Amino acid sequence: MSSTRTDLRTAAAVVLVNSAVAGSRVIQGRANTLDGTVFPVVYLYAVREQIETQTIRPTNREQYRRLELIVDYYDVQTSTSTVIDNQFDTASAAIEVAMMADPTFGGVVSDCLLTNVEYVIEPDEDKRWGCARHTFQVIYITRN
């Protein structure tokens, strides 16, 4: 039996794989290293979950959950005439459109909201590379 978090990460990964970011590999979980990675690549993982118990009883408690889901888009500057910021702008727009096209991921969750986007571009001796980190708040309800 899989957990709801696993199901929602899988549903989000399917959304991203089928989106305009399809040129990217979508990987669930965090990789320990980018060494040898073929760019662009998307990492999808959860970092924090807030839980509010809505009903107090011995069984079948309803819990309102807010999961912080991260979609990291890594890419490298393709040429000296390419502006890496533009690559991230294009990818970010595609990620946002894909994730917001069905904010319930086919009914797996109640809602999904984009709450933050952060860009980090690393100067390298040979090329620029970086990450566009998208933070989504995924809302769902469980009973246990």
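Because only heavy atoms are used, hydrogens play no part in the values below, and waters and symmetry mates are left out as well, while side chains stay in. It should be emphasised that the depicted structure is a prediction, and the values quoted were computed from it without experimental measurement.
- Nearest heavy-atom pair across Gly130 and Ile84 is N-CD1, 4.2 Å.
- Note that the OH atom of Tyr43 and the CZ atom of Arg25 stand 6.0 Å from one another [nearest 0.5 Å].
- Identified under the salt bridge (charged side-chain N to carboxylate O under 4.0 Å, His left out) test for residues 77-95, with sequence neighbours left out: none.
- Closest non-hydrogen pair, Tyr74 versus Cys131, comes out as CE2-CB, 3.5 Å.
- Note on Val17 and Val71: same hydrophobic cluster, where clusters join Ile, Leu, Val, Met, Phe, Trp and Tyr whose side-chain heavy atoms are under 4.5 Å apart, directly or indirectly.
- In this structure the side chain of Phe136 reaches within 4.5 angstrom of the side chain of Met100, judged on heavy atoms.
- When all heavy atoms are compared, the tightest approach of Val76 to Gln87 is O-NE2, 2.9 Å.
- Evaluation of the salt bridge (charged side-chain N to carboxylate O under 4.0 Å, His left out) test over residues 129-144, restricted to residues two or more places apart or in two chains, returns Glu62-Arg143, Asp72-Arg133.
- The side-chain hydrogen bond (donor to acceptor under 3.5 Å, both in side chains) contacts involving residues 105-115 comprise nothing, where partners must be two or more places apart or lie in separate chains.
- Of all the heavy atoms in Val109 and Pro103, the pair that sits closest is CG2-O, 3.6 Å.
- Here the straight-line distance linking atom CG of Leu114 with atom CG of Leu69 works out to 11.0 Å at 0.5 Å rounding.
- The shortest non-hydrogen separation linking Val47 to Ile70 is CG1-CG1, 3.7 Å.
- Of all heavy-atom pairs between Leu44 and Leu16, the closest is CD1-CD1, 4.4 Å.
- Among residues two or more places apart in sequence or in another chain, the side-chain hydrogen bond (donor to acceptor under 3.5 Å, both in side chains) test is passed with Gln28 by none.
- Separation of atoms CD (Gln63) and OG1 (Thr53) is listed at 4.5 Å; rounding is to 0.5 Å.
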Show me the donor-acceptor pairs, under 3.5 Å and distance only, between side chains in residues 91-99 and residues at least two apart or in other chains.
from, atom 1, to, atom 2, distance (Å)
Ser92, OG, Phe88, O, 3.0
Ser92, OG, Tyr119, OH, 3.2
Ser92, OG, His134, NE2, 2.9

Q | Working for side-chain contact (heavy atoms from CB on, under 4.5 Å), residues Val15 and Asp102 | A | CA-CA 9 Å; Val15 165; Asp102 178 6; 5.9 Å; no

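- A salt bridge (charged side-chain N to carboxylate O under 4.0 Å, His left out) check over residues 43-55, counting only residues at least two apart or in different chains, returns the pairs Arg5-Glu49, Arg48-Glu68, Glu49-Arg65, Glu52-Arg66.
- Contact annotation: the side chain of Ile139 approaches that of Leu113 to within less than 4.5 Å [non-hydrogen atoms, C-beta and beyond].
- Atom OG1 of Thr142 sits about 12.5 Å away from atom OH of Tyr64, to the nearest 0.5 Å.
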